[in-house]
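What follows is one structure encoded as structure tokens, with my remarks underneath.
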Amino acid sequence: MIAEPLHVMEQPGWQAALRNAVTRVGDLLELLGLSAAQVPVSARSDADFRLRVPRGFVARMRRGDPHDPLLRQVLPATAEQFRTPGDALDPVGDLAAASGPALLRKYAGRALLVATGACAIHCRYCFRRHFPYAAHSLTNDNRASILAALAAATDVTEIILSGGDPLLLSDVRLAALVADLERVPHLRRLRIHTRVPVVLPERVDAALLAWLGRTRLRPVVVLHANHAQEIDASVDAALARLRDLGVPLLNQAVLLRGVNDSVDALVQLSETLFESGVLPYYLHALDPVRGAAHFAVGDDIARALATAVRARLPGYLVPTLVREIAGHDFKLPL
Ligand SMILES: *Cc1c(COP(=O)(O)O)cnc(C)c1O
Ligand code: SF4
């Protein structure tokens, strides 16, 4: 008998796709048929927060278009080096809300666990792009103390897995984590904040569906897509697999200049999401994180866009436009 080839024993397919992500600006531009002279790209910005984008996401970009809305979200731009008054490394007061190493408590009834600092894609506007993940994420060493803190917080009924992207943890680790969370009697809901089904849809595989499908906690998945072009057939299929489990799917987007700051882009995003069974949840005003000011949309324009979207769509397809103000009891409608 011929021995099974070794690769059969290797990691799941999504981990290979993750390792194969584009991390060099030159490679990205070559794939898109662009030259460095056509885009405002900066080596300094890339060194501060490395380019990372899965090839499947690159395939949804328009070749030869330096203004592509997906490209703009990942390209390390020269403008990231600019400082603006009021920009911050921790724009939403995450560290002040940290109770213990990786658990953030801001809002009644909910606790947010920074499950990992890793992401499948590096979004240039990310409000946690400067977050000190090394000291503030789940590890084998702090896991027991995090669970003890949760067990003591009897008012918390919903645990939010966030990061980073929690779905970059292996299914073995996630299944064990969820099993631990299930033993906290007052927890009722498991919310997962993830961009992975959009940017690395192959991650939604049988192993993931297995632990998600059998938890006693009520699951809800909050996705992150900013533009209709992000949702292709592969994403739709991944979302269908989650829907088949009966998991409610919501989306949060960030209002980004040059990406989705038009009525048409926002309307198309909501309609495309709904075709994949996803309801729009939040449209976030950009957090003033250092290095992302070139994505900011003024409040007056943001409100005008939200009003115009409301005039075009059924109410259930209109996300709530919010801004997070550190120290406030909820994310504030604009
Ligand atoms: C955003 C956030 C939540 C969730 O807020 P919702 O309004 O329920 O979506 C919970 N905890 C923290 C720390 C947050 O930043
Ligand atoms: S996936 Fe989310 S956490 Fe990761 S870089 Fe993008 S916005 Fe930030």
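The figures here come from the full heavy-atom set of this structure, side chains too, leaving out hydrogens, waters and symmetry mates. Numbering of ligands and ligand atoms starts at 1, following listing order. Only a predicted model underlies this, so the values are computations on that prediction, with no experimental measurement involved.
Looking at ligand 1, you'll find an N or O of Y281 within less than 3.5 Å of one of its N or O atoms. Close N/O approach between Y107 and ligand 1 is not found [any backbone or side-chain N/O within under 3.5 Å]. Some N or O of R191 is nearer than 3.5 Å to an N or O of ligand 1, by distance alone. Polar contact check, Y282 against ligand 1: a nitrogen or oxygen pair lies under 3.5 Å apart.
In terms of protein heavy atoms, atom 14 (C) of ligand 1 is closest to K331 NZ, 3.3 Å. The protein heavy-atom contact nearest to atom 12 (C) of ligand 1 is L112 CD1, 3.7 Å.
Under 4.0 angstrom from ligand 1, the non-hydrogen atoms of I160 all belong to its side chain.
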Report task. Decide yes or no on salt bridge (Lys or Arg N to Asp or Glu O under 4.0 Å) for D155 and R105, but give the supporting numbers first. Result -> CA-CA 11 Å; D155 57 316; R105 292 289 316 275; 3.0 Å; yes
Requested in this report: Report the C-alpha separation of N260 and Q268 in whole Å, then their side-chain angles, then the decisive distance to 0.1 Å, and conclude whether the side chain to side chain donor-acceptor pair (under 3.5 Å) test is met.
Outcome: CA-CA 10 Å; N260 58 10; Q268 277 171 28; over 6 Å; no
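In this model, no donor atom of one side chain and acceptor atom of the other lie less than 3.5 Å apart for S262 and D264. A donor-acceptor pair shorter than 3.5 Å cannot be found between the side chains of E324 and H284.
Residue-and-atom listing of protein N/O/S atoms under 2.8 Å from atom 6 (Fe) of ligand 2, sorted by chain and number: C123 SG.
The shortest distance between side-chain heavy atoms of L255 and N226 does not fall below 4.5 Å. Residues R129 and V289 are in side-chain contact: their nearest non-hydrogen atoms beyond the backbone lie under 4.5 Å apart.
When each of R218, R189, R110 is tested with E158 by the rule salt bridge (Lys or Arg N to Asp or Glu O under 4.0 Å), just one qualifies, namely R189.
In summary, the aromatic rings of F82 and H294 are positioned with their centroids too far apart to meet the 6.0 Å limit.
Cation-pi contact between R72 and F295: present, with separation from the ring centre below 6.0 Å and deviation from the ring axis of at most 45°.
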